[in-house]
Q: 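Input: one structure, supplied below.
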Protein chains: 2
Amino acid sequence: MASIKDVAKMAGVSVATVSRVLNDKGYVGQHSREKVEKAIKELNYKPNEIARSLFKKHSNTIGLIVPDIMNPYFPELARAVEDTASKLGYNVILCNSDENKEKEQAYLDVLKQNYVNGIIVSSNTLTAEQIEALNIPIVSIDREISKGLPTIVVENKKGAKAATHFLKSKGRKRIGHIRGTAGVVNAEERCGGYREAVAEEPWFTESYIVNGNYDMESSIDATRELLGRHPDIDGIFAANDMMAIGAIKAAYQLGKKVPEELAVIGFDGIVLSSVMIPELTTVAQPIYEMGELATTVLVNLMEQQPMEKTYYTLEVELIERRTT
Amino acid sequence: MASIKDVAKMAGVSVATVSRVLNDKGYVGQHSREKVEKAIKELNYKPNEIARSLFKKHSNTIGLIVPDIMNPYFPELARAVEDTASKLGYNVILCNSDENKEKEQAYLDVLKQNYVNGIIVSSNTLTAEQIEALNIPIVSIDREISKGLPTIVVENKKGAKAATHFLKSKGRKRIGHIRGTAGVVNAEERCGGYREAVAEEPWFTESYIVNGNYDMESSIDATRELLGRHPDIDGIFAANDMMAIGAIKAAYQLGKKVPEELAVIGFDGIVLSSVMIPELTTVAQPIYEMGELATTVLVNLMEQQPMEKTYYTLEVELIERRTT
DNA sequence: TTGAAAGCGCTACCAT
DNA sequence: ATGGTAGCGCTTTCAA
């Protein structure tokens, strides 16, 4: 591979001059510039990004840490991040943390050793201390890790409340809730939204809430239990789409018709929700937009641009489909 | 961040000695080693991978180029690649090509400029020349780009044939096929498998094959057309799962019951197929395994280890579920 | 067993 | 306007 030296030699100038035309920085005479450009073309020269990174102390790369890219929420996010990063001249390194603290810290270290410019992270285990110790621009998606740290979240509570009210508006009389993973902030928030919506209902008791793990399997069990306790439930708000699907599966197993006997609404708006049959009514997050925003905010941060805002709460949208 | 110099200073030795203990290479006295290790711990020193890369001429990262991580086939592949790479000490840079030649070449260049050790690619547009010009270890998934280039594929034809025979074994009398994107090799192969299975059927004509684009929308239209032409069709083999889902949607639109009046079988075994309702019968590829294998083969190649094999054809597995 | 120093490819400072 | 060169942090010869 041709290096800057080869270009300089062929053009009959110094490497300094080549560097100047490469970066379009400093004075370069018209004549020299042309010679250099010609040599670059002839040698098909591409600057070595690693050498640049060593000098600049950053590598034009951003790290993306997600729990698991196979979780249907994240491909769209990853795509948005990669699209935006690529447009702005950055590569993205993909990391699957499995919500495991050790893995997460290991990735953080590796990313730092590789001089990433910044990191986008979706995590429920990361602490403010870890981030401060790292001393690299970070933006957090879906959870506020600490005050002041740039964060992109959605209206979890509001969306949950809307979902529950929607079920009521459809004439549902007894509405249960399948809560997300215990300890996860957005699960609490969504549960809070549900609670507000049903607080005044005479029938409501805590037993209308059952715990799931944000996956389909846990939700099938949870739904069976819930429906066992309260056979009169005719509407379920699940804290995410995968659990909504689980609820529908459980309903089929129990011989209940969806939506006739049981209406189900989810949360997230993953692609799956619009593809499955019957199509799922859900409170959709603007996932792509979140990834885009996270990336531009991160890049602003990396480039030390003044930030008007550091905490973004995006709107969710209730999409009515077939399960309600 | 502490550098090797700081460690050397603190330990009272030269940077050469520190480097030796870091890499466990060359002679280091017991006493020096201990001093160095102590200093490393105390400073929480982590070697700068970029500096290493500059010297070594590779960066311990591999590029993964896929058409679109949002396509449900790829998250599992990406996960497998990342898991395996991470285990072997490599990072992975994610690239979405959109099957666009220019984007693809741009990524190839960027990856090379970043000294990636190797690349895993799933592409229908990449040519043997591009790869040779690049001069970086590459393995191709899902398509043989050129003889000799390490390749991981599945038994497309065999699987397609099995799918069609399976429909017959279920008593289906008229079986249509929704073909994948024109010009894509695996689409041809799968179509070939279907053809072999129905060649002897007296009813068979080319009009039982209709073209889709490997996505749901195209398949809905294609299915409506197919069923319009041949209302007697009672079984459909779609060249991938998304198109199978499209076929099912079209059937619902037309008031046909699945599987009673129309059996549908897909291909790929994406997660979606087991989650949707009704669960989809499909010919599953061992996607995770393919990613794993691709990565280990690539790493062998990068490390110049002798390769027994360069072309791997993996078995597919017919999974019977609810749509047949 | 250890250290000095060259060099990986590039940028930016300082001269001229 | 241009060139020489130090230095980014590391590895690896070469000498001692």
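Heavy-atom basis, side chains included; hydrogens, waters and symmetry copies ignored. Throughout, a chain's letter reflects where its sequence line sits, starting with A, and its residues are numbered from 1.
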Q: What's the verdict on side chain to side chain contact (heavy atoms under 4.5 Å, CB included) for A/T181 and A/N124, showing C-alpha distance, side-chain angles and the deciding distance?
A: CA-CA 11 Å; A/T181 309; A/N124 286 295; over 6 Å; no

Q: Under a 4.5 Å cut-off applied to non-hydrogen side-chain atoms, are A/R20 and A/V13 in contact?
A: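 Not in contact.
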
Q: Give a yes/no on whether any side-chain N or O of B/S14 is located under 4.0 angstrom from OP1 or OP2 of C/dG3.
A: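 Yes, because at least one side-chain N or O of B/S14 sits under 4.0 Å from OP1 or OP2 of C/dG3.
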
Q: Tell me the bend of the helix from C/dT1-D/dA16 to C/dT16-D/dA1 as the angle between end helix axes, each from five pairs, rounded to the nearest 10 degrees.
A: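 That helix has its two terminal axes inclined by roughly 50°.
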
Q: Do B/P286 and B/V154 make a side-chain contact, defined as non-hydrogen atoms from C-beta onward lying under 4.5 Å apart?
A: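 Heavy-atom side-chain distance check passes, below 4.5 Å.
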
Q: Using atom types as modelled, flag every donor-acceptor pair under 3.5 Å from a side chain in residues 68-81 of chain B to any protein atom, sequence neighbours excluded.
A:
from, atom 1, to, atom 2, distance (Å)
B/D68, OD1, A/R79, NH1, 3.1
B/D68, OD1, B/M70, N, 2.9
B/N71, OD1, B/Y73, N, 3.1
B/Y73, OH, B/Q285, OE1, 3.0
B/R79, NE, B/D83, OD1, 2.9
B/R79, NE, B/D83, OD2, 3.3
B/R79, NH1, A/D68, OD1, 3.1
B/R79, NH1, A/D98, OD1, 2.9
B/R79, NH2, A/D98, OD1, 3.3
B/R79, NH2, A/D98, OD2, 2.8
B/R79, NH2, B/D83, OD1, 3.2

Q: Answer yes or no: does a side-chain N or O of A/R52 lie under 4.0 Å from OP1 or OP2 of C/dT11?
A: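 For A/R52, the contact criterion (side-chain N or O under 4.0 Å from OP1 or OP2 of C/dT11) is met.
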
Q: Tell me, which of residues 24-35 of chain A have any heavy atom that sits under 4.0 Å from an atom in DNA chain D?
A: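 Going residue by residue through residues 24-35 of chain A, the ones with a heavy atom under 4.0 Å of DNA chain D turn out to be A/Y27, A/V28, A/G29, A/S32.
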
Q: Side-chain contact, heavy-atom cut-off 4.5 Å: A/E292 with A/I152?
A: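 No, their side chains stay 4.5 Å or more apart.
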
Q: Any base atoms under 4.0 Å from B/S19, or only sugar-phosphate, or nothing? Heavy atoms, all strands.
A: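 Base, at least one base heavy atom under 4.0 Å.
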
Q: Going by heavy atoms in the side chains, are A/S123 and A/S140 under 4.5 Å from each other?
A: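 The answer is no; the side chains never approach within 4.5 Å.
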
Q: Does A/T61 use its side chain to pair, donor to acceptor, with the backbone of A/S59 at less than 3.5 Å?
A: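 Such a contact is found between A/T61 side chain and A/S59 backbone.
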
Q: Whole angstroms only, please: what is the CG-C1' distance between A/N23 and C/dC13?
A: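 Result: 15 Å.
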
Q: Sort me out a list of protein N/O and nucleotides 5-8 of chain C N/O pairs below 3.5 Å, or just none if empty.
A:
from, atom 1, to, atom 2, distance (Å)
C/dC8, O3', B/K57, NZ, 2.8

Q: Assess whether atom NZ of B/K5 is packed by more than 12 heavy atoms of other residues, nucleotides or ligands within 6.0 Å.
A: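 No, NZ of B/K5 has 12 or fewer neighbouring heavy atoms, counting only those of other groups under 6.0 Å.
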
Q: Answer yes or no: is there a donor N or O on one side and an acceptor on the other, between the side chain of A/T295 and the main chain of A/A85, under 3.5 Å?
A: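 The answer is no, because no donor-acceptor pair under 3.5 Å joins these two groups.
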
Q: Are side-chain heavy atoms of A/T17 and A/V28 found at a separation under 4.5 Å?
A: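 Side-chain contact under 4.5 Å: yes.
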
Q: Compare all side-chain heavy atoms of B/E34 with those of B/K38 and state whether any distance is below 4.5 angstrom.
A: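 Not in contact.
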
Q: Report the distance from atom CD1 of B/I50 to atom P of C/dT11, rounded to the nearest whole Å.
A: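 About 14 Å, once rounded to whole Å.
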
Q: Using distance only, find each side-chain donor-acceptor pair of residues 301-309 of chain B under 3.5 Å and give its atom names and separation, not counting sequence neighbours.
A:
from, atom 1, to, atom 2, distance (Å)
B/E303, OE1, B/Q305, NE2, 3.2
B/E303, OE2, B/Y90, OH, 3.1

Q: 5' to 3' on DNA chain D, which nucleotides open and close the contacts with chain A (atom under 4.0 Å from a heavy atom)?
A: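 Result: D/dA1 to D/dG9.
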
Q: Is there a donor in the side chain of A/D109 and an acceptor in the side chain of A/Q105, or the other way round, less than 3.5 Å apart?
A: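 Looking only at side-chain atoms, A/Q105 and A/D109 do form a donor-acceptor pair, the distance falling under 3.5 Å.
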
